[in-house]
A.B. asks: 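For reference, the structure I am asking about is given below.
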Protein chains: 2
Amino acid sequence: MPYVMVQIPKTPAPSPPAPRSVPTSADVARLAGVSRATVSYVLNNTSAVRISEPTRRRVHEAAKELGYVPHAAARSLRAGHSRMVLMPAPSIPVGPLYSRFINELQWALSRLDYTVVQYGTVGLHGDEAARAWAELRPVAVLVPGSGLGPQGVAVLKRSGARAVVTLGPKSVEGAHALLMNHEKVGHCAGAHLYARGRRRIGVVVPEESGLEFFSLPRLEGVRRALRGTDATVTELPLAYEEEAAARLAARWRALGLDAVFAYNDEYAMLLMRALQDQGVAVPEDTAVIGADDLMLGRLLRPRLSTVHIELPSGRDLAELVDRTVHNPAAAPETHKVLGATVVHRDSS
Amino acid sequence: MPYVMVQIPKTPAPSPPAPRSVPTSADVARLAGVSRATVSYVLNNTSAVRISEPTRRRVHEAAKELGYVPHAAARSLRAGHSRMVLMPAPSIPVGPLYSRFINELQWALSRLDYTVVQYGTVGLHGDEAARAWAELRPVAVLVPGSGLGPQGVAVLKRSGARAVVTLGPKSVEGAHALLMNHEKVGHCAGAHLYARGRRRIGVVVPEESGLEFFSLPRLEGVRRALRGTDATVTELPLAYEEEAAARLAARWRALGLDAVFAYNDEYAMLLMRALQDQGVAVPEDTAVIGADDLMLGRLLRPRLSTVHIELPSGRDLAELVDRTVHNPAAAPETHKVLGATVVHRDSS
DNA sequence: TTGAAAGCGATACCAG
DNA sequence: CTGGTATCGCTTTCAA
């Protein structure tokens, strides 16, 4: 253990209770003086069978005394299915927007009696990851981002997943898709800047890896918005560091841009500060617009214009999952679920 | 589906391949013309047994052809244990600091061949949640926050968890503890402000629920730092909204404070902006200090002083878990793992 | 109302 | 070298 960790002396623990092994339903049955079947009936409240009240009590008491906890694997093995909904855990720090969405989703799914599990997928790519997920035999799989191919979908379905839903830029053969087309975000921003009379438009693209799936479509959206006009689009790679922003700002006048769309509000804040430190006036010399409509944009001066993004509600996605689980044969649906609207404030 | 969702017509899918049921190792065996045992030996590279090369090939081909994926539940049922490390999924939007920590941890654990699973725990409280986790028979459980009692720890251990580690303000009987004492954060901030000559000190406490386990200790830390001095501490409840901050700022002069510790950098930014809009000079009239050392603090003007927090490295925690799994009988260790140091910039 | 027993899928022992 | 077979913990007929 390294420097940060400082061991604290403990009073020697009282001799721990004999580490008997994990209690099973058979143990409960034995203690209650009944059969395993009866234990199962009682603990699952099986309605098809009536168990006498004294027996029920004995079973419950025995279970409590032993600290019995049913074995999920054994149960789902026997049942032939589970109610586990699996999502890969995001491997990049994720904004408050997406966090809220995930929470809502978990809540909605647990209302429908599903168990949501985020699987720590690291270093597993594409279909390799799909195999790992499939080993858990989830009833449904939700996959944000791209990276799952038709192969992966097939693997999951063959392993019993009744619903596979992707949340990403494009739909995947065989899976339901919630299309989150981030081009729309860039398109909004580009159109807005153009309408405000700007013609030489920069687009900040984060250098941090893992963000390409958002940043490139956003860039492309700006390009699309300005295609066929007299405006130009300049790609501006930028790392999320003060020095990088300062360097970019230092050559700002040379770039001759009159507006910039900054990927999101955080990059916008970073760049805007660097520009102001360089004496570039916002919005007079250069208009700035971000995205994601974070709180911090409202706190900047000038207040930051931004693109507000509307994600699907967790409840709706939960319902889609539930519907598909009940009717897996239905043709995969594709929904466009990303709403983007400009919030015009003072920086543009 | 609601307004945001727009169904997109699809070309009718080509007749889906016959939905044969999930292939098992028996199917692979049949197709390869060998026994299930042989399949198991081949697919697991069992070294204790030599299988002829042609047989191996036939098995592998059969497995691939069927798209065979082993059934994790069956495997761990048979094996009597799994390599699943379970964590409850955070139910509140979590900052970049903690996200990074989780990712590092997942990476380190997967290097050690564990599978990290974040369990969506919603509406399950304390020991009730522990039972739900125990059903999955994880080999280790990591629990951030308080909320797990000695009972819960006992349940988990009885169900076979070989390591239970809590990350929170206080240690729990029977479990390893990574003490993250947020009092230290407040203490740092309080001592710093006092040393800068401030005596009437406000402490912003978020009104958002779920943050108490961080905010209250931070408040208490400030109190502790100033106990026995001539300084006063004033608790300032604040919701994370512009209006709330404006209201607080409006009565600022009446409060007569000359410094404020703002829970974290985001609340600091919120309040600092509101103060400046009210004509309160920072740091002249009021010193401001935040916590978490986020990027945004460096971008504010004046640059925000903050408390830098050092979390344990994911690698260290992973090693603790692995050590404990190999030797569960060892007495629970308690480590202090939260480092806090003031980063003095211009706002204080 | 309760009990005996089959079987879910994978593995590891013991024969052949 | 390979094939039966018992086993893990639980649910669910079928009998008693």
Side-chain angles (χ1 to χ4, degrees), chain A residues 20-59 62-63 66-83 131 134-139 158-160, chain B residues 20-59 62-63 66-84 134-139 158-160:
Chain A
R20 41 165 192 261
S21 69
V22 190
T24 71
S25 74
D27 296 320
V28 176
R30 210 163 9 248
L31 181 58
V34 300
S35 75
R36 303 195 343 269
T38 306
V39 171
S40 178
Y41 292 143
V42 171
L43 296 184
N44 295 308
N45 268 317
T46 307
S47 52
V49 168
R50 308 224 69 81
I51 304 284
S52 68
E53 201 48 48
T55 304
R56 308 182 76 86
R57 245 207 340 275
R58 286 217 312 286
V59 169
L66 292 176
Y68 170 71
V69 175
H71 193 308
R75 176 183 305 200
S76 68
L77 180 58
R78 172 62 225 236
H81 59 87
S82 75
R83 293 191 64 81
R131 301 184 78 84
E135 293 193 0
L136 296 187
R137 298 290 192 273
V139 69
R158 253 204 312 273
S159 327
Chain B
R20 43 168 189 256
S21 70
V22 190
T24 73
S25 75
D27 296 321
V28 177
R30 211 166 5 249
L31 182 58
V34 299
S35 75
R36 305 202 326 280
T38 306
V39 171
S40 177
Y41 293 141
V42 171
L43 296 184
N44 295 307
N45 268 319
T46 307
S47 53
V49 167
R50 308 223 70 81
I51 303 284
S52 70
E53 200 48 49
T55 304
R56 306 183 77 87
R57 243 205 342 273
R58 284 216 315 284
V59 170
L66 293 177
Y68 169 71
V69 175
H71 193 306
R75 175 181 300 186
S76 67
L77 179 59
R78 173 60 226 239
H81 60 88
S82 74
R83 293 192 62 83
M84 180 194 301
E135 293 194 0
L136 296 187
R137 298 291 191 271
V139 68
R158 252 204 312 273
S159 336

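By convention in this document, chain letters (A, B, ...) are assigned in the order of the sequence lines, proteins followed by strands, and residues within each chain are numbered from 1. Computed from heavy atoms alone, side chains included, the values below leave out hydrogens, waters and symmetry copies.
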A.B. asks: Can you tell me the distance, in whole Å, between the CG atom of B/N44 and the P atom of C/dG9?
C.D. replies: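 Going from B/N44 (CG) to C/dG9 (P), I get 17 Å.
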A.B. asks: For residues B/A72 and A/L136, report the shortest heavy-atom separation together with the two atoms involved.
C.D. replies: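 Minimum heavy-atom contact is CB-CD2, 3.8 Å.
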A.B. asks: Pull out every residue in residues 31-39 of chain B that has a heavy atom closer than 4.0 Å to any atom of DNA chain C, ordered by number, or say none.
C.D. replies: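 Contacting residues: B/R36, B/A37.
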A.B. asks: Please find the pair of heavy atoms, one from A/L43 and one from A/V59, that lie closest to each other, and give the distance.
C.D. replies: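 What the structure gives for the nearest pair is CD2-CG1, 4.1 Å.
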A.B. asks: Has the side chain of B/Y41 got a donor or acceptor that lies under 3.5 Å from a partner of the other kind on the base of C/dC13?
C.D. replies: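 Indeed, a donor on one side and an acceptor on the other fall under 3.5 Å apart.
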A.B. asks: Could you work out, with side chain to side chain contact (heavy atoms under 4.5 Å, CB included) as the rule, every residue matching A/A73, not counting sequence neighbours?
C.D. replies: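 Only A/H71, B/A73, B/S76 meet the side chain to side chain contact (heavy atoms under 4.5 Å, CB included) criterion with A/A73.
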A.B. asks: Carefully, step by step, assess A/R137 and A/L77 under the rule side chain to side chain contact (heavy atoms under 4.5 Å, CB included).
C.D. replies: CA-CA 10 Å; A/R137 298 290 192 273; A/L77 180 58; over 6 Å; no
A.B. asks: Given C/dG9, is OP1 or OP2 found less than 4.0 Å from the side-chain N or O atoms of B/T24?
C.D. replies: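 For B/T24, the contact criterion (side-chain N or O under 4.0 Å from OP1 or OP2 of C/dG9) is not met.
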A.B. asks: Counting only non-hydrogen atoms, which of residues 45-59 of chain B are less than 4.0 Å from DNA chain C?
C.D. replies: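 By residue number: none to list.
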A.B. asks: For A/R36 and A/A29, work out which heavy atoms get closest and say how close.
C.D. replies: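 It is N-CB, 3.7 Å.
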A.B. asks: Which heavy atom of A/V39 sits nearest a heavy atom of A/S25, and at what distance?
C.D. replies: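 That closest heavy-atom pairing would be CG2-O, 4.0 Å.
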A.B. asks: Taking only the side-chain nitrogens and oxygens of B/S25, find out if one of them lies under 4.0 Å from OP1 or OP2 of C/dG9.
C.D. replies: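 No, B/S25 has no side-chain N/O under 4.0 Å of OP1/OP2 on C/dG9.
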A.B. asks: Which pair of heavy atoms, one from B/D27 and one from B/V22, lies closest together, and at what distance?
C.D. replies: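 Residues B/D27 and B/V22, closest heavy atoms: OD2-O, 4.0 Å.
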A.B. asks: List the atom of A/Y41, the atom of A/V49, and the distance in Å for their closest heavy-atom pair.
C.D. replies: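 In this case the closest contact between A/Y41 and A/V49 is CD1-CG1, 4.0 Å.
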A.B. asks: Could you give the CG-to-P distance, from B/D27 to C/dG9, as a whole number of Å?
C.D. replies: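 In whole Å, C/dG9 P and B/D27 CG are 9 Å from each other.
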A.B. asks: With B/R58, which residues qualify under salt bridge (Lys or Arg N to Asp or Glu O under 4.0 Å), at least two apart?
C.D. replies: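 Here no residue qualifies.
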A.B. asks: Of all of residues 74-83 of chain B, which get a heavy atom below 4.0 angstrom from DNA chain D, listed by number?
C.D. replies: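 Those residues are B/L77, B/R78.
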A.B. asks: What's the angle between the local helix axes at either end of the helix from C/dT1-D/dA16 to C/dG16-D/dC1, using five pairs per end and rounding to 10 degrees?
C.D. replies: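 Overall, the helix from C/dT1-D/dA16 to C/dG16-D/dC1 bends by 50° from one end axis to the other.
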A.B. asks: Does the side chain of A/L66 come within less than 4.5 Å of A/R30's, by heavy atoms?
C.D. replies: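 No, their side chains stay 4.5 Å or more apart.
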A.B. asks: Just verifying a value: how many Å separate B/S159 OG and B/E135 CD, rounded to the nearest 0.5 Å?
C.D. replies: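 Rounded to the nearest 0.5 Å, the OG-CD separation comes to 9.0 Å.
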A.B. asks: Are the side chains of A/E53 and A/R56 in contact, using a 4.5 Å heavy-atom criterion?
C.D. replies: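 Contact flag for A/R56/A/E53 side chains = yes.
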A.B. asks: Between OG1 of A/T46 and CD1 of A/I51, what distance do you get to the nearest 0.5 Å?
C.D. replies: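 Spacing of OG1 (A/T46) from CD1 (A/I51) equals 8.0 Å.
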